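Order of listing sets the numbers, starting from 1, for every ligand and every atom in it. Note that the coordinates shown come from a computational prediction; the quantities given were computed from them, not determined experimentally.
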Amino acid sequence: MKIKDAKVFVCSPGRNFVTLKIYTDEGIYGLGDCTLNGRELAVASYLTDHLIPCLIGRDPFQTEDIWQYLYRGAYWRKGPVTMSAIAAVDMALWDIKGKALNTPLYNLLGGKSRTGVMVYGHANGRDIPETVDEVGKFIEMGYLAVRAQSGVPGLPGTYGVSKDKMFYEPAERGPENVWCSEKYLLQAPKLFEALRLRYGDDVHLLHDAHHRLTPIQAARLGKDLEPFHLFWLEDAVTAELQEGFRLIRQHTTTPLAVGEIFDTVWDANLLITEQLIDYLRMTVVRGGGITPLKKIAAFAEMYHVQTGCHGATDLSPVTMGAALHFDISVSNFGIQEYMRHAKETDEVFPHAYFFKDSYLHPGEKPGHGVEYDEKLAAKFPYERAYLPVNRKLDGTMWNW
Ligand code: KDG
Ligand code: MG
């Protein structure tokens, strides 16, 4: 079998998505996601102008060699544009393999290690009472784990809080956001105290600080949250300085998750080998595809670090499908994020995965089980988009 052609599609059914389709001379094709929120066209160009010409004529079963060729062979390594583009190629090739062998992708990754994939949903509210009620809606739907984000008194809005509830854009650009760590640090523990009072100890609760704290502030938050035994505290600090996590770890037993923006294992090398984190958030699209993610999971397993793939709505259903096959097969799976996509998105990307009896299941279709309706997608042209920005109360630019 040979790769005959490949095309990149950009569409916006509710939000932007970039999809790669690789065609073979035997009529089988594969799909990959390379959506990079706010920088979509850069990845599309990297694929069209640089990677696709190198793929033609190659054997699509050679996932390892093709990955090495695109990564090592470029000389220029890493970076979200490069790695998202390589990820799309890798996802599409694994999809082709599954289709050619007529088997779901998980069978090529070691087979099922569990019956279903535990996921967490996103609950948000303008204040604590509203957030507590929203968490209840997910528990009623059968979720075993819920992420809770609440508005902070004195701040007009904050990360993860939207007027929309079940379906919302996690990175909606509006007026510039305003941030105050001191106000937030007073509020967050009260939210989790209220949640434990209402729902008891069984439900897993998660929280995302979205890169806004310093290590010592994160240590304080982790300590204050200990009585409410979170499943994880995510992205408490920006993680360019991996050593910063030593400081957090010294002070708290709250489990730590990080890595949704990491693009190779080198972003997490120290975090893993020093056991400074509990969950690694890298997912298939950002981490360069299934080929490297399998290796990273095996490496993390040696250091008691579990997986916790990013699954916000800016990752397309193709990434979700591929991630679920990965999740169900790796032995050190922890949890999978699951923000439901809008109806238009699901219609453009019909998929085999489904939520049933509290778990998400990848389905039994050959490959990753996600399709792309090109005709329908053409009705939703690309719309330029940027992620939000954040400033402190005095106007200083801060991390969003
Ligand atoms: O594009 C950015 C989003 O994917 C991100 O803000 C969502 O932090 C996020 C999460 O945990 O889902
Ligand atoms: Mg996050």
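Under a 4.0 Å criterion applied to the non-hydrogen atoms of E234, ligand 1 contributes the atoms 11 (O). Of all the atoms in ligand 1, the ones that sit under 4.0 Å from a non-hydrogen atom of N37 are 1 (O). Residue L387 has at least one heavy-atom neighbour below 4.0 Å for each of these atoms of ligand 1: 1 (O), 2 (C). Interface of A312 with ligand 1, defined as ligand atoms under 4.0 Å from a residue heavy atom, comprises 4 (O), 7 (C), 12 (O). The D208 neighbourhood of ligand 1 comprises atoms 8 (O), 9 (C), 10 (C), 11 (O), with distances under 4.0 Å to a heavy atom of that residue.
Residue Y159 has at least one nitrogen or oxygen atom sitting less than 3.5 Å from a nitrogen or oxygen atom of ligand 1, judged on distance alone. Polar contact with ligand 1: absent for W400 (N/O pair, distance under 3.5 Å).
Ion pairing between D263 and R77 fails under the 4.0 Å rule for side-chain N and carboxylate O. Between K21 and E374 there is a salt bridge, with a side-chain nitrogen of the basic residue lying less than 4.0 Å from a carboxylate oxygen of the acidic one.
Using a 3.5 Å distance cut-off with no hydrogens or angles, the side chains of T291 and D90 do pair a donor with an acceptor. A donor-acceptor contact closer than 3.5 angstrom is absent between the side chains of E134 and H122. Side-chain contact, W398 with T396: no donor N or O sits under 3.5 Å from an acceptor N or O. A donor atom on one side chain and an acceptor atom on the other are not found under 3.5 Å apart for E172 and S162. Residues E226 and T252 have side chains that bring a donor and an acceptor to within less than 3.5 angstrom of each other.
Only side-chain heavy atoms of E337 come within less than 4.0 Å of ligand 1; its backbone N, CA, C and O stay farther off. Here L315 has no heavy atoms under 4.0 Å from ligand 1, in either its backbone or its side chain.
Annotation: cation-pi pair R340/F355 present, NZ/CZ under 6.0 Å from the ring centroid and within 45° of its normal. Geometrically, K99 engages Y29 in a cation-pi contact, judged by NZ or CZ lying under 6.0 Å from the ring centre and within 45° of the ring axis. Geometrically, R15 engages F17 in a cation-pi contact defined by less than 6.0 Å to the ring centre and at most 45° from the axis.
Counting protein heavy atoms only, atom 3 (C) of ligand 1 is closest to D314 OD1, 3.4 Å.
Among protein atoms, those of element N, O or S found less than 2.8 Å away from the Mg ion (ligand 2) are D208 OD2, E234 OE2, E260 OE1.
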